[in-house]
Amino acid sequence: MKKYFEKINYSSLNEDSNSEIKVLQLSEHDKVLCITGSGSRVLDLIIQKPKIIYAVDFNPCQNYLLELKIAAIKYLDYEDYISFLGLIPSEHRLKSFNGIRSSLSNSARYFWERNTDLIERGVIYQGGWEKYFRNLSRIINIIRPKLLKQLFDCVSVDEQKVLWKELWDDRAWRFFIKIISLRFNWKYFFGDPGFYKYVPNNFSIENYLNDRFASASENLIFSQSPFTNLLFKGKFNLDTQLPLHLQRDKHLILIDNLNNIQIKTGSLLYIFNIIKDTFFNAFSLSDFASYVNDMDYKKIWNFILKKAQNNARVCERQFLVKRNIPLNKSELVIRDYALEKELEKTDNSIFYSFIAARINK
């Protein structure tokens with residue numbers, strides 16, 4: 001089995017960039033630091049036309065994926081781009097790859113030349129978590145296909161809330177959540193260190209997941225969320241809203257702004273050290289708290305404050321590891337608690353809480 005940082009773990013979407021857009025309020029003068037992940041947030045944020053985005057990830061494979069997506073956007077028209085990624089069927093993905101491979105860095109090209117099977121199957125659904133979601137959706141479609149259709153046919157939150165509470169959230173579903181919440185499974189089957197390594201022993205994963213699903217059923221229309229389509233059906237629904245960077249009317253904006261993305265591989269602490277002369281107006285930090293210990297979390301926030309322009313905006317997500325900004329720096333961080341609560345309800349990737357803040361230097 002490949003180690004976690006030697007493979008693509010996220011390939012499509014695990015976060016709702018609309019939340020970052022609300023917090024960061026980007027302008028054409030802004031310099032942004034953004035965790036790469038699947039590349040979705042980077043591409044969604046570049047549509048807002050900031051001056052530059054530094055895309056940073058500790059896992060080089062995630063950056064290779066972003067490079068591949070950027071090359072596909074640059075050199076393929078919209079239909080070929082979404083078919084190359086895997087949103088629609090195609091028999092010509094390897095031919096498209098051969099046309100764009102020369103635009104990749106040497107290390108990215110070498111990676112993809114060794115993993116053409118991922119491209120051939122449609123890379124957008126080939127991440128570790130996407131494969132897990134696909135298996136989950138297959139189980140749900142076998143066990144409760146009619147109820148799943150009912151859930152995704154709901155046209156109002158009120159209708160969906162009743163269905164979830166009275167029909168979906170039954171003993172069988174609760175037992176399923178209990179099983180997938182076992183820490184053994186998170187460690188040995190999912191393999192994502194962010195979901196077990198620093199999760200406190202007294203934190204109930206089971207209760208948290210149940211609460212987040214219940215909240216989502218009361219605040220979001222599942223059929224309209226790209227993430228819940230991915231989670232319950234294993235793929236995006238082309239007839240409803242797609243992530244921004246996959247929408248047809250955003251394609252030309254993407255092409256015009258891709259050169260404003262710089263990709264850096266390494267930990268946040270390493271990256272902050274090598275870009276000493278760059279100061280940022282915005283930070284899209286994803287769920288970095290899940291992948292660092294308490295000491296490094298404090299160090300990273302110290303660097304954020306050093307590298308932030310006055311009035312810089314910060315959006316940090318938190319999943320199973322909940323941390324607070326270091327107390328000795330908290331007076332410099334003006335949090336928008338009302339917006340944080342709003343995003344916790346409306347973010348269509350459903351599982352996150354937020355730190356939404358402005359740096360007052």
- Query: Heavy-atom count around Lys51 NZ within 6.0 Å, excluding the residue itself: above 12?
  - Reply: no
- State whether a side-chain donor-acceptor pair under 3.5 Å links Asn63 with Thr265. yes
- Query: Okay, side chain of Asn360, backbone of Ile334: is any donor-acceptor separation there less than 3.5 Å?
  - Reply: no
- Answer yes or no on whether Arg323 is positioned over the face of Tyr198, meaning its NZ or CZ is under 6.0 Å from the six-membered ring centre and within 45° of the axis. yes
- Within 45° cone of Phe303 ring axis and under 6.0 Å: Lys307 NZ or CZ: no
- Query: Crowded around Tyr270 OH? As in, over 12 foreign heavy atoms under 6.0 Å?
  - Reply: no
- Does Lys345 pair with Glu218 as a salt bridge, N-O distance under 4.0 Å? no
- Query: Do Arg317 and Tyr352 meet the cation-pi criteria used here (NZ or CZ under 6.0 Å from the six-membered ring centre, within 45° of the axis)?
  - Reply: yes
- Query: What about Leu65 and Leu94, same hydrophobic cluster or not, with Ile/Leu/Val/Met/Phe/Trp/Tyr joined at side-chain heavy-atom distances under 4.5 Å?
  - Reply: yes
- Ser17 and Arg41 side chains, donor-acceptor separation under 3.5 Å: no
- Apply the ring pair (Phe, Tyr, Trp, His ring centres under 6.0 Å) test between Tyr64 and each candidate in Trp112, Tyr110, Phe111; give the one that qualifies. Phe111
- Between the side chains of Ser12 and Glu130, does any donor sit under 3.5 Å from an acceptor? yes
- Look at Arg313 together with Asp30 and state whether they make a salt bridge at an N to O cut-off of under 4.0 Å. yes
- Query: So Tyr81 and His251, would you call those rings parallel, tilted or perpendicular, with 30° and 60° as cut-offs?
  - Reply: tilted
- Query: Is any side-chain N of the basic residue among Glu206 and Arg174 closer than 4.0 Å to the acidic one's carboxylate O?
  - Reply: no
- Minimum-distance pair of heavy atoms, taken over all atoms of Leu104 and Arg109: O-NH1, 3.0 Å
- Would you say Ile300 and Ile274 are hydrophobically clustered, going by side-chain heavy atoms of ILVMFWY under 4.5 Å? yes
- Task: List the steps and the verdict of side chain to side chain donor-acceptor pair (under 3.5 Å) for Asp192 and Tyr291.
- Result: CA-CA 9 Å; Asp192 189 328; Tyr291 298 87; 2.9 Å; yes
- Message: Under the ring pair (Phe, Tyr, Trp, His ring centres under 6.0 Å) definition, can you give me all pairs with a residue in residues 36-60, not counting sequence neighbours?
- Response: Phe5-Phe58, Tyr54-Phe280
- Do you reckon Ile100 sits in the same ILVMFWY cluster as Leu252, going by side-chain contacts under 4.5 Å, direct or chained? yes
- Query: Taking the inter-plane angle between the rings of Tyr208 and Phe203 on a 0 to 90° scale, is it parallel (under 30°), tilted (30 to 60°) or perpendicular (over 60°)?
  - Reply: tilted
- Query: Is Leu343 linked to Val157 within one hydrophobic cluster, defined over Ile, Leu, Val, Met, Phe, Trp and Tyr using a side-chain heavy-atom separation of less than 4.5 Å?
  - Reply: no
- Task: To the nearest 0.5 angstrom, please state how far the CG atom of Asp170 sits from the NZ atom of Lys165.
- Result: 14.5 Å
- Query: Under the 3.5 angstrom rule, does the side chain of Tyr10 hit a backbone N or O of Thr36 as a donor-acceptor pair?
  - Reply: no
- Task: Establish, from distance only, whether the side-chain atoms of Ser286 and Glu15 form a donor-acceptor pair under 3.5 Å.
- Result: yes
- Determine whether more than 12 heavy atoms belonging to other residues, nucleotides or ligands lie under 6.0 Å from atom NZ of Lys49. no
- Is Lys235 close enough and on-axis enough to Tyr125, meaning under 6.0 Å and within 45°, for cation-pi? no
- Message: Between Lys298 and Asp294, does any NZ, NE, NH1 or NH2 come within less than 4.0 Å of an OD or OE carboxylate oxygen?
- Response: no
- Any side-chain donor paired with an acceptor under 3.5 Å for Asn259 and Lys74? yes
- Message: Keeping Asp77 on the side-chain end and Asp80 on the backbone end, is there a donor-acceptor pair under 3.5 Å?
- Response: yes
- Got a donor-acceptor contact below 3.5 angstrom from the Tyr78 side chain to the Leu246 backbone? yes
- Report, as yes or no, whether the 6.0 Å neighbourhood of atom NZ on Lys161 holds more than 12 heavy atoms from other residues, nucleotides or ligands. no
- Item | Mutual orientation of the aromatic rings belonging to Trp168 and Trp164 [parallel < 30°, tilted 30-60°, perpendicular > 60°] | parallel
- Message: Could you check whether Asp158 and Ser156, counting side-chain N and O atoms only, form a donor-acceptor pair closer than 3.5 Å?
- Response: no
- Message: Please tell me whether Asp57 and Asn59 have a donor and an acceptor in their side chains that are separated by less than 3.5 angstrom.
- Response: no
- Task: Would you name the heavy atoms of Gln224 and Pro226 that are closest together and state the gap between them?
- Result: O-CD, 3.6 Å
- More than 12 foreign heavy atoms under 6.0 Å from CZ of Arg171: is that the case here? no
- Query: Above 12 or not: heavy atoms from other molecules or residues under 6.0 Å from NZ of Lys361?
  - Reply: yes
- Which of parallel (below 30°), tilted (30 to 60°) and perpendicular (above 60°) describes Phe227 and Phe133? perpendicular
- Say whether Ile177 and Leu182 are linked into one hydrophobic cluster, either directly or through other cluster members, by side-chain heavy-atom distances under 4.5 angstrom. no
